[in-house]
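Notes for the one structure printed next.
Atom set for the values below is all heavy atoms of this structure, side chains included, hydrogens, waters and symmetry mates excluded. In listed order, ligands and their atoms are each counted from 1.
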Amino acid sequence: MKLPTKNVALIVAAGKGERTGGEIPKQFNMLGGKTVIAHAVDAFTSHPAIDAVFVVVGEGQNQALVQALAGRPITGSVVGGSERQDSVRAGLNAIAAAGGADIVFIHDAARPFVPLHVIDHLFGALQSVEGAIPVIPVVDTLVRDDGTLGDVVDRSGLSRVQTPQAFRFDAIMTSHIQWSGKAATDDAQMARNAGFKVVTVTGDALLDKITHPADFALAESRMKSSMITRTGLGFDVHRLESGQKLWLCGIEVPHEKGLSGHSDADVALHALTDALLGAATRGDIGDHFPPSDPQWRGVASSRFVEHARDIILDAGGMIDHVDLTLMCEAPKIGPFRDRMRARIAELLRVSLNAVSVKATTTERLGFTGRGEGIASQAIVTVRMPKEV
Ligand code: CTP
Ligand code: MG
């Protein structure tokens, strides 16, 4: 069998992240709205020339991977080994078992940001050689140091090596098989050792690896500096009728009447969904869930919110804040407010203090004043990558 795919990304994520510390390996930590590994997976998935993505995880980390990817499809995953090269080898074997590939991009999950232009340059270089790696020049003065300042090391001609490292699949497979077993710092070294030519292309500071705790703060600030704040506004109204359940902000509220409409008619979650879609500039709730479509009849509106949330998160955005107002004479919202906030926080995966729920009457004026319906308004603040 031959994979119907040719250009494969192999992301190694089987390390323990000991130098970063923390309860979970660094690749499963959140960075902005998504996990470190999700950033890397998204970068490759969004490159039009990449056909498949394989991930190597540590023993017992399969569930952690599934959670960290939050529904993102990958081609396959495999358990790695105790050294990075063992993990790469396991990944290469998995790709071979799936029919092989023409080109493989071997990448550290601990490097979340992968500029697409680096992938393009690697592709370009591989037209004529077996391997290509991104590097950036060393800019700091280098010295020998054993506690006492030693000689300056000439930094001209020195570079820092990054990943993704791209190889003709057969060449890197051969290189791994031929390697003598001692620790290799990277795959390029193995390819060179096997006699293959590896060229360098211009890397990017964004590709720097998260190694120590401070690197997380740097990665966060790099990400945030490339994001812009957006707001989205949503408004909705539903009619109050007898014999219906009343759903507001994702919880059932006891009342003699309920809201009618397609889905569960949770007017607050509909306003919230529209606000999220507005912030993402992705139309409105009717575009995504047409009332005419029978599959949305009676469904929980939490589904709509989750869908809109994922549009923001999948685009690399983060949800900063929600302020929501319910307009009705009855029921009284105060007793339910904290549960409503907690449910919205859970749906949006944000902290409780990022969610405000308010209520107002309309002084017995208009349809809300007469108890004929409930209106809701929501405003969300998000941060989105500039290019989205
Ligand atoms: N890696 C791997 N298998 C290993 C060791 C490392 O797949 N046995 C992966 C890591 O998950 C990471 C990349 O190789 O994406 C680079 O390794 P490194 O930065 O050293 O990560 P860790 O080994 O996780 O960190 P530490 O060395 O601090 O424990
Ligand atoms: Mg390591």
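Distance check, rounded to the nearest 0.5 Å: CG of Leu272 to CG of Asp323 gives 11.0 Å. For the atom pair CG of Leu92 and CZ of Phe54, the computed distance is 10.5 Å after rounding to the nearest 0.5 Å.
Checking Arg19, Gln27, Lys26 against atom 27 (O) of ligand 1, the nearest heavy atom belongs to Arg19. The closest heavy-atom contact to atom 8 (N) of ligand 1, among the options Gly81, Gly15, Ala13, comes from Gly81.
For Asp42 and Arg72, the salt-bridge test passes: some basic side-chain N is under 4.0 Å from an acidic carboxylate O. Under the 4.0 Å criterion applied to side-chain N and carboxylate O atoms, Asp215 and Lys209 are not assigned as salt-bridge partners. A salt bridge is defined here as a Lys NZ or Arg NE, NH1 or NH2 lying under 4.0 Å from an Asp or Glu carboxylate O, and Glu306 with Arg303 fails to meet this definition.
Annotation for ligand 1: atoms under 4.0 Å from non-hydrogen atoms of Glu83 are 4 (C), 8 (N). For ligand 1, the atoms sitting less than 4.0 Å from at least one non-hydrogen atom of Ala110 are 15 (O), numbered in the order shown with element in parentheses.
For ligand 1, the polar-atom distance check against Ala109 finds a nitrogen or oxygen pair separated by under 3.5 Å. Residue Ser87 has at least one N or O atom closer than 3.5 Å to an N or O atom of ligand 1. Note: an N/O pair closer than 3.5 Å links Glu18 and ligand 1 by distance alone.
Remark: Lys182 is positioned above the aromatic ring of Trp179, its terminal NZ or CZ atom under 6.0 angstrom from the ring centre and at most 45 degrees off the axis.
His47 and Asp120 share a donor-acceptor pair across their side chains, judged by distance under 3.5 Å alone. Counted by atom type alone, Thr281 and Arg230 present one or more donor-acceptor pairs between their side chains at under 3.5 Å.
Contact annotation: Gly17 has at least one heavy atom less than 4.0 Å from an atom of ligand 1. Contact analysis leaves Arg111 out of contact with ligand 1, as no non-hydrogen atom separation drops below 4.0 angstrom. Judged by the shortest distance from any of its heavy atoms, Gly80 lies outside the 4.0 Å radius around the atoms of ligand 1.
When hydrogens are left out, the protein atom nearest atom 19 (O) of ligand 1 is Lys209 NZ, 2.6 Å; that is the closest non-hydrogen contact. Annotation: atom 13 (C) of ligand 1 to nearest protein heavy atom, Asp108 OD1, 3.3 Å. When hydrogens are left out, the protein atom nearest atom 15 (O) of ligand 1 is Val12 O, 2.8 Å; that is the closest non-hydrogen contact.
At a heavy-atom distance under 4.0 Å, only backbone atoms of Ser82 (N, CA, C or O) approach ligand 1. At a heavy-atom distance under 4.0 Å, atoms from both the backbone and the side chain of Ala14 approach ligand 1.
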Derivation and outcome, salt bridge (Lys or Arg N to Asp or Glu O under 4.0 Å), residues Arg155 and Asp140: CA-CA 8 Å; Arg155 66 168 183 257; Asp140 295 322; over 6 Å; no
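Ring geometry for His262 versus Phe304: interplanar angle under 30°, hence parallel rather than tilted (30 to 60°).
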